[in-house]
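Lettering of chains follows the sequences in order, A, B, ..., and the numbering in each one begins at 1. Any value given below was found using the heavy atoms of this structure, including those in side chains, with hydrogens, waters and symmetry copies removed.
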Amino acid sequence: FFFFFFSFFYIWIENHETKRDASQEVSEHDSKIEDESCDLNYNIVSILQEMQRIYELMGDNWREFAYKRACGIVKMFPKKIETEADVALLLKTKGFSKKLGAKVLEIIQTGQLKKLNELKKLPQIEASNLFMGIWNQTSLCGNRGVGHQTVTQWYRLGYRTLDDVREKAALNERQKIGLKYYDDLRAKIPRCEVEEIEHFVKKEVMKIESECALVTCGSYRRGKAESGDVDLLITHPRAKKIVGLLEKIVDQLNKAGFLKDHFSLPSHKNKHAVDHHDTYMGICKLPDTADGRVYKYCRHLDIKVFPPAAFPFALLYFTGSDHFNRSMRYFAKKKGYTLSSYQLAPAIRLNNHKTHTGQPILCSSEEQVFEVLGLKYVKPCDRNNHEYFEFS
DNA sequence: TGGCCGTACTG
DNA sequence: CAGTAC
DNA sequence: GCCA
């Protein structure tokens with residue numbers, strides 16, 4: 001009884017606190033000049049972003065990784081970069097070295113980057129870029145199950161337009177849905193609509209299990225004004241209630257006519273594992289309201305159900321950003337742990353290969369995960385970029 | 001020179 | 001297993 | 001791409 005009570009209590013606190021810092025994040029966020037559109041170094045960032053996307057479609061994930069990190073570093077730079085001295089300052093940042101420095105220098109001197117112009121001329125890039133533009137828009141927009149291999153394949157098969165793909169390509173479920181909701185999924189979701197979606201789901205979930213705690217993660221929790229999708233994390237104070245919960249929730253949302261299509265439904269694997277968790281990914285649309293509010297777009301909705309013990313780790317993971325998570329996991333690894341979306345545990349590795357995972361370390365909050373790793377807590381609104389976590 | 005997160009789902 | 005997403 |  002005490003355990004249940006305690007679990008419930010801490011989740012209530014979590015939920016409560018999340019709400020509270022979310023509102024703080026927004027006000028902090030609004031006071032900053034945060035939006036990419038009015039960025040100080042817009043030109044540099046957009047060129048580096050194009051480089052990132054080109055390497056992405058070439059399948060060079062590590063250059064893609066490096067360029068994405070570099071974009072974040074330039075975005076964070078406090079002033080407009082216009083002199084060699086500014087570039088020298090940039091070079092002091094880890095993850096930003098001489099080759100990137102030379103490129104930034106070229107951009108501030110000539111306004112463009114020769115390397116980029118050359119790469120864009122390559123026929124395979126030119127054609128693939130068409131698809132990447134179609135399917136990937138920007139890295140923030142979310143993918144549709146189409147990566148560089150698929151794009152290359154389509155190019156080889158002679159497809160050149162969206163209609164070619166529509167008519168000739170053998171698409172999997174994920175890709176069909178991506179095509180079906182093409183315009184909708186490109187559109188960003190305003191913060192207020194994310195909240196309305198959360199509210200709708202919460203209302204339906206409460207009909208099934210009133211003790212559930214529900215938190216919206218992703219870029220929303222990081223305080224962004226717009227999101228690419230809605231990422232809902234759900235738990236229940238009693239671990240036993242987790243099993244099969246997501247199926248019930250999906251059923252309920254289906255009955256309410258809220259879900260329009262499914263990417264992936266809750267799986268039945270590992271149902272009885274202690275760390276059992278479930279994922280739903282699909283398309284939803286808010287119903288028109290009585291007072292005449294009409295929602296134009298279908299939205300990408302992810303729902304994850306985790307047991308209480310895994311909740312802090314899930315919260316940490318699904319709040320992102322992707323690069324922030326990778327930094328943190330990398331640090332955990334260097335410290336001899338392994339960090340995942342459901343646990344933190346000591347790990348033994350041979351040749352960088354995990355051979356044994358120790359007893360998981362219990363954490364009852366996100367803060368505690370940072371603490372165990374010997375890191376200072378990072379607020380969600382400060383998790384937008386790659387970081388270098390250092391040993392203290 | 002080798003590592004750059006760790007895991008889950010689809011087909 | 002490869003490819004993709006989170 | 002960058003870093004150790």
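- Atom NZ in K68(A) sits roughly 11 Å away from atom C1' in dC6(C) (whole-Å rounding).
- The aromatic ring centres of H300(A) and F263(A) sit less than 6.0 Å apart.
- Within 4.0 Å (heavy atoms only), N325(A) reaches no atom of the nucleic acid at all.
- A straight line from CG of L339(A) to P of dT7(B) spans 9 Å, rounded to a whole angstrom.
- Partners of R299(A) according to the salt bridge (Lys or Arg N to Asp or Glu O under 4.0 Å) rule, which considers only residues two or more places apart in sequence or in another chain, are E193(A).
- Per the geometry, CG belonging to D322(A) stands 10 Å off P belonging to dC5(B), to the nearest Å.
- In this entry the distance linking CD of Q343(A) with P of dA8(B) reads 10 Å, nearest Å.
- Taking atom CZ of R69(A) as the reference point, atom P of dG3(B) lies 17 Å away to the nearest angstrom.
- The F65(A) side chain lies nearest to dC5(B) when the options are dC5(B), dG6(B), dA8(B).
- Residue-level contact check: Y317(A) touches the bases, meaning some heavy atom is under 4.0 Å from a base atom.
- In this structure, E387(A) places its CD atom 15 Å from P of dC5(B), rounding to the nearest Å.
- Contacts of S327(A) with the nucleic acid, taken as non-hydrogen atoms under 4.0 Å apart, are absent.
- R349(A) has no side-chain polar atom (N or O) that falls below the 4.0 Å cut-off from OP1 or OP2 of dC5(B).
- For the pair T110(A) (side chain) and I107(A) (backbone), a donor-acceptor distance under 3.5 Å is absent.
- Across all strands shown, Y280(A) has no heavy atoms under 4.0 Å from either base or sugar-phosphate atoms.
- Rounded to the nearest Å, the gap between the C1' atom of dC5(B) and that of dA5(C) is 14 Å.
- Contact annotation for E64(A): no contact, since no heavy-atom pair falls under 4.0 Å across all strands.
- The phosphate of dC5(B) (OP1 or OP2) has a side-chain N or O of R326(A) nearer than 4.0 angstrom.
- With rounding to whole Å, F331(A) atom CZ is found 14 Å from dG6(B) atom P.
- Residue K334(A) places none of its side-chain N or O atoms closer than 4.0 Å to OP1 or OP2 of dC5(B).
- A side-chain hydrogen bond (donor to acceptor under 3.5 Å, both in side chains) with R222(A) holds for exactly one of T319(A), N384(A), D382(A); it is N384(A).
- Residue S341(A) places none of its side-chain N or O atoms closer than 4.0 Å to OP1 or OP2 of dA8(B).
- For dC4(B), the OP1/OP2 oxygens have a side-chain nitrogen or oxygen of N352(A) closer than 4.0 Å.
- Mapping heavy-atom proximity under 4.0 Å, the span of DNA chain D touched by chain A runs 5' to 3' from dG1(D) to dA4(D).
- Closest to the E173(A) side chain, of the nucleotides dG11(B), dC6(C), dG3(C), is dG11(B).
- Counting only residues at least two apart or on different chains, the side chain to side chain donor-acceptor pair (under 3.5 Å) pairs with a member in residues 93-103 of chain A are K94(A)-E390(A).
- Electrostatic pairing of E106(A) and K114(A) does not count as a salt bridge here, judged by no charged N lying under 4.0 Å from a carboxylate O.
- Electrostatic pairing of K79(A) and D86(A) counts as a salt bridge here, judged by a charged N lying under 4.0 Å from a carboxylate O.
- Around the CG atom of L362(A), the shell of radius 6.0 Å holds no more than 12 heavy atoms that belong to other residues, nucleotides or ligands.
- Within 4.0 Å (heavy atoms only), N61(A) reaches no atom of the nucleic acid at all.
- The listed nucleotides are dC6(C), dT4(C), dT7(B); the one nearest the side chain of S340(A) is dT7(B).
- The side chain of N172(A) lies closest to dG11(B) when the candidates are dG3(C), dG11(B), dC5(B).
- A salt bridge is defined here as a Lys NZ or Arg NE, NH1 or NH2 lying under 4.0 Å from an Asp or Glu carboxylate O, and K207(A) with E204(A) meets this definition.
- Per the geometry, OH belonging to Y67(A) stands 22 Å off P belonging to dC4(B), to the nearest Å.
- Closest-nucleotide positions on DNA chain D for K94(A) and W62(A) were compared, and the one nearer the 5' end corresponds to W62(A).
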